[in-house]
Amino acid sequence: MNPPRNTVAPDPESSPSPAPPSAPAPRPDPEDSALVQEVLAGNASSFETLVQRYQQRIYGTLYNMTANHDDAADLTQETFIKAFRALKSFKGESSFYTWVYRIAVNRTLNFLKQRKQRSFMSLNDLDGAAEQHPDLVALISHKTPARDAGLSELQEKLNAAMLKLSEPHRLVVTLHEIQGLPHEEIAEIMECNVGTVRSRLFYARQQLQAWLSDYLK
Amino acid sequence: MEHHPENEDFEKLSRLLALKRREAPPPRFFDELSGRVMRGIEKEPAAGWESWLDRLLSVSWFQPVAAGAMAVLVGGLVILAVTQPGSSDPAGQAMFPTQDAPTASTNLSAPSSLTPLPLR
């Protein structure tokens with residue numbers, strides 16, 4: 001079964017956010033496995049359909065891991081090229097999208113090891129609807145530093161806090177809190193058990209909460 | 001909906017993290033990305049020996065053939081080493097004359113600075 005297609009991940013604890021303008025409208029697409037078979041049979045254009053299906057989620061994850069648009073764009077492209085090359089080795093034991101996610105995550109973790117100190121942010125703009133988002137209106141309408149900071153400063157603080165997390169913790173927060181993936185799927189992607197995912201998520205939330213306490217009062 | 005105290009503790013944090021969902025790449029980025037990926041796929045197969053080697057290694061019959069060839073090569077080198085026991089002594093060197101070092105048979109009358117080996 002294919003995962004949900006929306007770019008903006010459903011919030012596990014609140015109502016789903018509206019999709020940004022770039023998100024494709026849902027349509028009756030062929031299953032991933034059928035597309036994979038078509039690609040293996042020599043129809044490369046079917047791979048483009050798979051890319052279009054998952055590019056936003058993969059990019060979103062890599063962007064939140066790197067806090068840099070150019071790095072995320074390059075890594076997303078590399079991920080799909082690598083996936084195409086390795087498609088023959090895809091045995092279908094997991095879903096295609098878990099498999100691609102795994103390639104993306106491994107590639108990104110290697111990249112981040114090499115990048116180490118060169119971690120500067122190149123953040124994307126907030127979409128036009130951000131200021132109207134009910135959660136954010138509620139957040140910045142209270143008497144907190146967030147109200148004075150404005151959204152872009154808040155965005156920077158948030159990304160800086162994310163970058164302070166270790167890569168595995170940042171990945172868990174990205175996949176669960178931002179992408180909306182369930183613990184079980186994250187465990188599959190990270191090739192660890194669900195308990196590890198839960199404990200990493202708990203620790204990461206605690207850390208973020210401490211670092212962002214001024215904005216959470 | 002079931003209410004978990006753990007979730008309640010982090011509710012504000014989750015709301016704050018929701019801001020990250022609103023960060024969007026430049027317009028048309030996603031419209032162009034799949035095209036870039038496909039161009040990269042078309043371009044890179046001829047790009048280097050690595051992809052050529054990858055493809056060769058992915059062919060199922062190639063791996064046993066490669067392993068066999070490697071075994072033959074290693075075996076051949078071992079046999080060569082065993083059957084050439086004097087290859088490291090000066091007499092052995094004479095078996096492989098070079099152009100720069102004329103051998104005694106081709107230049108017997110030429111004066112030599114080499115010390116002759118004692119006759120046994």
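So that the names make sense, note that chain A is the first sequence line, chain B the second, and so on, each numbered from 1.
- Applying the ring pair (Phe, Tyr, Trp, His ring centres under 6.0 Å) rule to A:His183 yields the partners A:His176; only residues at least two apart in sequence or on another chain are considered.
- Salt bridge A:Arg53/A:Asp32: present, at least one basic N to carboxylate O contact under 4.0 Å.
- For A:Ala73, the parts lying near chain B are the backbone and the side chain together; criterion is any non-hydrogen pair under 4.5 Å.
- With respect to chain B, the highest number of heavy-atom pairs below 4.5 Å among A:Val51, A:Leu50, A:Leu158 belongs to A:Leu158.
- No part of A:Glu78 comes within reach of chain B, as not one of its non-hydrogen atoms sits under 4.5 angstrom from that chain.
- Heavy-atom distances place both the backbone and the side chain of A:Leu208 under 4.5 Å from chain B.
- When heavy atoms are compared at a cutoff of 4.5 Å, A:Ala72 does not approach chain B at all.
- Taking the six-membered ring wherever Trp is involved, the centroid distance between the rings of A:Phe202 and A:His169 does not fall below 6.0 Å.
- The side-chain contact (heavy atoms from CB on, under 4.5 Å) search around A:Ser45 returns A:Asn43, not counting sequence neighbours.
- A:Leu154 places a side-chain heavy atom less than 4.5 Å from the side chain of B:Leu16.
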